[in-house]
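Both ligands and their constituent atoms are indexed starting at 1 by order of listing.
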Amino acid sequence: MQTSSKTPLILGNWKMNGSLADNLGWVTRARHQLEKQPVHHVTLGVCPPFPYLQSLRQILPAQIALGAQDVSSECVGAYTGETSAAMLKELQCRYVLVGHSERRARLAETDGDVARKFRLAKHAGLTPVLCVGESQTERDNNETTQVITQQLQAVFELCGPEGFHAGVIAYEPIWAIGTGRTASPSDIEAVHGAIFEWLGKHQIPEASVHVLYGGSVKAENSADIFALEGVDGGLIGGASLNAGSFIDIARSANQTAQLAEPLAFARKSL
Ligand code: 13P
């Protein structure tokens, strides 16, 4: 059952992986796959490490947008090692991840830092991808909805409802990242449902926000995940490092979207 009538969005997060040679191979394989069998009705993007943005923007197939994995919470100035939203825009990035759990945990990024990054990205004309998700302990303590709501709320307080317009939220349960464990279908639907409920309560139109799932998505399980209620695409880590798997995942999103179209049409005509 897939009820989303949005064009699915599939983003690859390469994290700290790759090399110039790997990237070239990835692009060659992705291009070959797309030429062999085009994938329509899916929006695609990859977020490579910062040093590769410049070269990848010149060689990525036109269908694959560029994204970054992080952005500074400051505008400009003496912030050694930081990259501003304006710089990412200049490199023609379309997306930027904000608040990935690996940064929240390892670099102690707070909800406030993430909200500032989100706002600056938005002002620069980028699409921030707000990553939210609970730890295993928080899940065990039944705090999942509370944690996610707090993470959303911090951005809402700084950016208001319009901040989420044409926005992207990625639900990534921390315990499912890189572990091979995906959340169960009912867990995913419950959390995505809670996110849409939160959006509704804050007068943010459901149709204007993509809610992605991330956490051990691979070609073998992606079709089942994308078919779930409220899943508008995926944020793919490990499996996106292989161009073939990434395109296979995109293909499964395209197939689920095509199955959903008659449903969406039937609902509209009711
Ligand atoms: P994996 O797909 O490797 O679990 O990573 C998910 C993720 O963190 C994407 O941002």
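Ring centroids of Trp26 and Tyr52 are separated by 6.0 Å or more, keeping the two rings apart. Taking the ring centroids of Phe118 and Phe164, they lie under the 6.0 Å cut-off.
Sorted by chain and number, the residues within 4.0 Å of ligand 1 by heavy atom are Asn13, Lys15, His100, Glu172, Ala176, Ile177, Gly178, Gly215, Ser216, Leu235, Gly237, Gly238.
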Check the pair Arg104 / Asp113 against salt bridge (charged side-chain N to carboxylate O under 4.0 Å, His left out), numbers first and verdict last. CA-CA 9 Å; Arg104 290 182 192 260; Asp113 296 331; over 6 Å; no
Yes or no on side-chain hydrogen bond (donor to acceptor under 3.5 Å, both in side chains) for Trp14 and Gln69, after CA distance, side-chain angles and deciding distance? CA-CA 8 Å; Trp14 291 359; Gln69 298 176 16; over 6 Å; no
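A donor and an acceptor atom, one from each side chain of Glu172 and His100, are located under 3.5 Å apart. Between the side chains of Asp187 and Ser184, at least one donor N or O sits under 3.5 Å from an acceptor N or O.
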